[in-house]
Amino acid sequence: MVSQTIYSSNLKDYKPILWQGKPIFQMYAKIKNYLKLKLGEEYAHLLAEPFITVAELRGSGEAYWSSQAISKQAIPLEQVNPQEQGLVRQRLNEVQAFIQELSNSTDRADKQWAELLQKAFVIPSEQCILADNGQFALVLWSFESVSAQQGKYGISDIFHKPTTDTVSHLPTTASPTKDDTEHTQQEEKPQETPQEDKTEIKQYNQEDEESKETSGYDKYKEPSESFTQEETTETEPPKNKLKK
C-alpha cells in the first residue's frame, strides 16, 4: 500500500518524550528497522511515520503522520468491533512481551532497546490507536499530554484493559483482600518523567535516515552510539493533509 496521511494534529497540548536527551520520534527510521529485523515486516508499521517541523513542534501549524499499513479511513480503536480490538491488543501484547524479554537480557544494548521501545510506544490516549480492516498504527507515539490529568498512556494500559469478550469472565462480587491491596501497591511504580532537553531539536528527515540504513543485527548492538542525531533538513510534506 502507498503511504497515506492518516492523522494530523496541532502539538501545543503535547510534548515529546526524550531518550538520552533526544526526541524519540526523530528515531523513527531506526526503530522501524529494528522492529522489522527482530519481529517482522508487519511490526515495522505499528508506528505511523511522523512529519514534524520545529515550528509544528512548538505549536505552530499541524504535524501529521502517514502509514503504509492503514488508509485514511482508519478510525480510533474504541470505535471498531470487539473482535478487532482483541486482535490489536494481542499484537501490542506481543510487543510488550518482546520489550520485557529485552529488559531481562544481560546484554547492555538489549536493555537500552527495551527502555527506548517502552517510551516509543507511549501515546497520549487510546484515541491515538487507529484501526482499519484488522490493521492498525499508532499516531502521536512518544508524545505525552501537557495536562497533568491526561499524561501518558503506555501499551501496558491497553492490553490490561478488558474487552467485551473478557468482561464476562471477570468476577463481579469479590472484593479485594488486604493482601491483594498490599500486593497491588507494591507493583505500582511512579512513571518516569523525561528530563528537559536543552539542545536544539532538529527537523526529522526520513530520507537522510534511510540513506544510512544497513542490514544485520550488528547495526543495533549499541543504540547509545547508533542513535547520534545527524544534521537534517526539513522534509517536504505531501500536498494533501488530512485534518483531525
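Residue indices begin at 1 and follow the sequence shown.
In terms of the side-chain hydrogen bond (donor to acceptor under 3.5 Å, both in side chains) criterion, Ser67 has no residue partners (sequence neighbours excluded). Taking Lys111 as the reference, nothing meets the side-chain hydrogen bond (donor to acceptor under 3.5 Å, both in side chains) condition, with sequence neighbours excluded. For Gln68, the side-chain hydrogen bond (donor to acceptor under 3.5 Å, both in side chains) test picks out no residue, with sequence neighbours left out. Under the side chain to side chain contact (heavy atoms under 4.5 Å, CB included) criterion, Asn81 pairs with Gln83, Glu84, sequence neighbours left out. For Glu94, the salt bridge (Lys or Arg N to Asp or Glu O under 4.0 Å) partners two or more places apart in sequence, or in a different chain, are Arg91. For Leu87, the side chain to side chain contact (heavy atoms under 4.5 Å, CB included) test picks out Gln90, with sequence neighbours left out. Listed by chain and residue number, Ala55 satisfy the side chain to side chain contact (heavy atoms under 4.5 Å, CB included) test with Ser60 (two or more places apart in sequence, or in another chain). Judged as a salt bridge (Lys or Arg N to Asp or Glu O under 4.0 Å), and not counting sequence neighbours, Lys12 has no contacts.
Between Trp19 and Met27 the shortest side-chain heavy-atom distance falls below 4.5 Å. In this structure, the side chains of Ile75 and Leu130 stay at 4.5 Å or more apart for every pair of heavy atoms. With a 4.5 Å cut-off on side-chain heavy atoms, Tyr34 and Leu116 do not count as touching. Taking 4.5 Å as the limit, some side-chain heavy atom of Ile129 sits within range of a side-chain heavy atom of Val88. Between Phe121 and Leu47, some side-chain heavy-atom pair lies under the 4.5 Å cut-off. In this structure the side chain of Glu144 never reaches within 4.5 angstrom of the side chain of Tyr14, judged on heavy atoms.
Asn10 contributes a side-chain N or O that, together with a main-chain N or O of Gly59, makes up a donor-acceptor pair within less than 3.5 Å. The backbone N or O of Arg89 lies less than 3.5 Å from no partner atom in the side chain of Asn93, so there is not a single donor-acceptor pair. Using a distance-only test at 3.5 Å, with no hydrogens or angles considered, no donor-acceptor pair links the side chain of Glu78 to the main chain of Gln127.
Atom CD1 of residue Ile17 and atom CD of residue Gln118 lie 10.5 Å apart, to the nearest 0.5 angstrom. Residue Tyr64 holds its OH atom at 14.0 Å from OG of Ser9, rounded to the nearest 0.5 Å. Distance check: Ile52 CD1 to Tyr28 OH gives 12.0 Å after rounding to the nearest 0.5 Å. Atom NZ of Lys15 and atom OG of Ser147 lie 10.5 Å apart (nearest 0.5 Å). The CD1 atom of Ile24 lies 14.5 Å from the NZ atom of Lys30; values are rounded to the nearest 0.5 Å. If you take CD1 on Ile6 and CD1 on Ile70, they are separated by 3.5 Å, rounding to the nearest 0.5 Å.
Taking all atoms of both residues into account, the shortest heavy-atom contact from Ala44 to Lys32 is O-CG, 3.4 Å. In this structure, Lys119 and Leu18 approach most closely via the heavy-atom pair NZ-O, 3.5 Å. The minimum heavy-atom distance linking Pro16 with Pro23 is given by the pair CB-CB, 4.2 Å. Here the shortest heavy-atom pairing between Thr5 and Lys72 reads O-CB, 3.5 Å.
A donor-acceptor pair shorter than 3.5 Å can be found between the side chains of Ser66 and Ser3. Donor-acceptor pairing under 3.5 Å is recorded for the side chains of His45 and Glu41.
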Checklist entry - Can you check side-chain contact (heavy atoms from CB on, under 4.5 Å) on Glu49 and Trp65, steps first, answer last? => result CA-CA 5 Å; Glu49 181 179 358; Trp65 289 257; over 6 Å; no
Residues 131-143 side chain polar contacts: donor-acceptor under 3.5 Å, at least two apart:
from, atom 1, to, atom 2, distance (Å)
Asp132, OD2, Ser71, N, 3.1
Asp132, OD2, Ser71, OG, 2.8
Trp141, NE1, Ala48, O, 2.7
Ser142, OG, Phe25, N, 3.4

